[in-house]
Amino acid sequence: MTRFKTPRGARDRLPEEQHLWDRVTGAFERACRLHGFGRIQTPTFESADLFIRAVGEETDIGSKELYTLDDRGGEHLALRPEGTAPVVRAYNEHGMKVRSQPVRLYYLQPHFRYDRPQAGRYREHNQMGAEVLGEEDASVDVEAISLIWEVLIGLGLTGLELEINSIGDPVCRPNYRRALVDYYQDRLDELCQDCNRRFTSNPLRLLDCKKDRCLQIAGKAPRSIDFLCGDCSDHLAVLRKGLDALEIDYAVNPRLVRGLDYYTRTVFEILPAGGAAQGSLAGGGRYDLLSEYIGGDSVPGMGFGSGIERVILNLQEQDLDGAPAARPDAFVGPLSSAAKPVAAALSSQLRSVGLATIFGYRDASARSHLRRANSAGSRIAVLIGDRDLSNGSVSVRDMDKKTQTEVKLEEAARTIKDLLTD
RNA sequence: GUGGCCGUAGCUCAUCUGGUUAGAGCGCUUGGUUGUGGCCCAAGAGGUAGCGGGUUCAAGUCCCGUCGGUCACCCCA
């Protein structure tokens, strides 16, 4: 019988790393609350078409990375590969346009992509993300970017780089696209294979190929920001002023494009120190067309997603993963089988007055119990043996001070509380 | 999806060019007399060497496949 293992690209999160998870998501939720965002939870699976329509059939996510399943009723479903489309779907489904606009939402949830796993890249990965729907003012973009930026900075990460770009809208993007295609048309034989493929599938992606040769060619390619129409150009200006006002450093990267089709105007990425070895920590942008793509009303939107595993990985790399030692208050060890029920009852009583208490389960030697109490980091150890049973007492030992007293069973809780508050 | 590297106890690693019952440290359990911790000492538990095939008198050590991890691509969070 072979032993079961986590499926490829999926991982267990063990107790000792939970504090990192809590720290990251805690910081994020706090920020969301401060900015007036409400949490939304959408299903883990949705109609596969929702995602295909949203991210585009040509993208990797829409084609080869989707975890699809046909259920017994014949529904063609997919595990959520990204967070934005479901949120926009929910906005439309629940008539959120009648709410005071814009609507601010955030989420913390797993995403699934059939990718080849690597450190910081998992088939099941968690994202914290936020979306603002119903407002196209670039101030929204500023707020979304600053929210996640400050969360990451607040966690202590250093060397982060924020890159922004604008890829235009339906008015100006076609012009740009044409210029780009014209430029690349004559250079196809100088480009790598992947880029030749991109030329027909998604020309914008030609810009962020990392091969030296292609990089050179991309360097001289027309830049989207030079083709922006008046509105888009103004929009970008407002975004930049807003970031400046918040003193958030950023770089305009004319070659920054995003993989998903639904983005318009603003796109951004936050890269970890030392470049993008394990990919970006956060990315997002504006998607004013998405709602219509998926059959909804015309609703402007702006949002981002940030990979929690990647953020944690970065905290560990920057030695910011120090664990706060969670110490139990008390450890109760029975020295004989007759003492077990008494010890169990006392444990229960201690918990009922709010003391974190570990019950030593089986009767063992005092040495055993104290060793265990010690390795658990317990502040107090309580020993109960036959001697105690006969005079109705227990031994309460302060593990740090190495002092010990014998008290009446009924006074144990009181005594321990006093010791802990000293 | 493409290419490279890696895969020995829970963890970190040894096992020289293939050769007897695969070792260590840490961790874990128990003990070091009469109910007492963190140090020290001792004993013990724990491995079909990821899995499957092949070569060989003999394989953890060589070859192939497969699964998993990892790095670079691809992609993205």
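Here is how names work: the chains are called A, B, and so on, in the same order as the sequence lines, proteins then strands, and each is numbered from 1. Fair warning: this is a prediction, and the values are worked out from it, not measured in the lab. The figures that follow rest on heavy atoms only: side chains count, while hydrogens, waters and symmetry mates do not.
For Arg116(A) and rC74(B), the CZ to P distance is 14 Å, given to the nearest whole Å. In this structure, Leu335(A) atom CG and rG37(B) atom P are separated by 13 Å, rounded to whole Å. The nearest whole Å value for the distance from the CG atom in Asp12(A) to the P atom in rG68(B) is 15 Å. Following rounding to the nearest Å, Asp115(A) (CG) and rG69(B) (P) show an atom-to-atom distance of 12 Å.
Contacts of Leu281(A) with the nucleic acid, taken as non-hydrogen atoms under 4.0 Å apart, involve only primed sugar atoms and P, OP1 or OP2. Using a 4.0 Å heavy-atom criterion, one finds that Tyr122(A) contacts the bases of the nucleic acid, with or without backbone contacts as well. When heavy atoms are screened at a 4.0 angstrom cut-off, Gly333(A) is found touching no nucleic acid atom at all. Using a 4.0 Å heavy-atom criterion, one finds that Asp388(A) contacts the bases of the nucleic acid, with or without backbone contacts as well. Looking at heavy-atom distances under 4.0 Å, Glu65(A) makes contact with sugar-phosphate atoms alone, never a base. Among the protein residues, Ala373(A) comes within range of no part of the nucleic acid, since none of its heavy atoms lies under 4.0 Å from any strand. Nucleic acid contact class of Lys64(A) (heavy atoms, under 4.0 Å, all strands): none.
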* To do: For each nucleotide in nucleotides 27-33 of chain B, reading 5' to 3', give B when a protein heavy atom comes within less than 4.0 Å of its base, S when such contact involves only the sugar-phosphate, and - otherwise.
  => --SSBB-
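Spacing between rC63(B) and rC6(B) at atom P, rounded to whole Å, works out to 10 Å. Across rC75(B) and rC67(B), the matching P atoms stand 24 Å from one another, rounded to whole Å. rU29(B) and rU70(B) have their C1' atoms separated by 35 Å, with the value rounded to a whole Å. rU15(B) and rG68(B) have their P atoms separated by 29 Å, with the value rounded to a whole Å. Taking atom P in both rC76(B) and rG53(B), one finds a spacing of 41 Å when rounded to whole Å. Comparing rG52(B) with rU48(B), their P atoms are spaced 11 Å from each other, to the whole Å. rG10(B) sits 13 Å from rG50(B) when the P atoms are compared, rounded to a whole Å. Nucleotides rC11(B) and rG47(B) are separated by 14 Å at their C1' atoms, to the nearest Å.
With respect to the salt-bridge test (charged N to carboxylate O, under 4.0 angstrom), the residues Asp244(A) and Arg240(A) do not qualify.
Taking the centre and axis of the six-membered ring of Tyr114(A), the NZ or CZ atom of Arg123(A) falls inside the cone set by 45° and 6.0 Å.
Sequence order on RNA chain B of the closest nucleotides to Gln127(A) and Thr6(A) puts Thr6(A) first from the 5' end. If you find the closest nucleotide of RNA chain B to Gly9(A) and to Gly284(A), the one lying nearer the 5' end belongs to Gly9(A).
Taking 3.5 Å as the limit, the base of rG69(B) and the side chain of Lys5(A) contain no donor-acceptor pair of atoms between them. Not a single donor-acceptor pair, N or O on each side, falls under 3.5 Å between the base of rA77(B) and the side chain of Arg121(A). For rG68(B), its base never sits under 3.5 Å from the side chain of Arg8(A) at any donor and acceptor pair.
Listed by first and then second residue, the side chain to side chain donor-acceptor pair (under 3.5 Å) pairs involving residues 321-335 of chain A are Arg327(A)-Asp400(A) (not counting sequence neighbours). Screening residues 7-27 of chain A for salt bridge (charged side-chain N to carboxylate O under 4.0 Å, His left out), with sequence neighbours left out, gives Arg11(A)-Glu17(A).
Nucleotide rU8(B) forms no Watson-Crick or G-U wobble pair with any nucleotide shown, as no partner meets the under 3.5 Å limit on both distances. rA22(B): no Watson-Crick or G-U partner with both key distances under 3.5 Å is found in any strand. Base-pair partner of rG27(B): not found among the strands shown (Watson-Crick or G-U wobble, both distances under 3.5 Å). Across every strand in view, rG52(B) sits in a pair with rC64(B) that passes the Watson-Crick or G-U test at under 3.5 angstrom. Pair assignment for rU2(B): rA72(B), on the basis of Watson-Crick or G-U wobble contacts that are both within less than 3.5 Å. With a 3.5 Å ceiling on both atom-pair distances, rA14(B) lacks any Watson-Crick or G-U wobble partner. Across all strands shown, rU33(B) forms no Watson-Crick or G-U wobble pair with both key distances under 3.5 Å.
OP1 or OP2 of rU36(B) has not a single side-chain nitrogen or oxygen of Gln404(A) nearer than 4.0 Å.
Residue Glu406(A) comes nearest to Asn391(A) through the heavy atom pair OE2-ND2, 4.1 Å, listed as atom of the first residue, atom of the second, then distance. Across every non-hydrogen atom of Ala221(A) and Leu180(A), the tightest pair is CB-CD1, 4.1 Å.
The line from CG of Leu346(A) to CD1 of Ile416(A) is 6.0 Å long, rounded to the nearest 0.5 Å.
Using cut-offs of 30° and 60° on the angle between ring planes, the pair His111(A) and Tyr107(A) is tilted.
Across Asn165(A), Ile164(A), Asn253(A), a single residue satisfies side chain to side chain contact (heavy atoms under 4.5 Å, CB included) together with Ile225(A), and that is Asn165(A).
A stacked arrangement is assigned to His125(A) and the six-membered base ring of rA77(B), with a centre-to-centre distance below 5.5 Å and an interplanar angle below 30°.
The ring of Tyr176(A) has its center closer than 6.0 angstrom to the ring center of Phe227(A).
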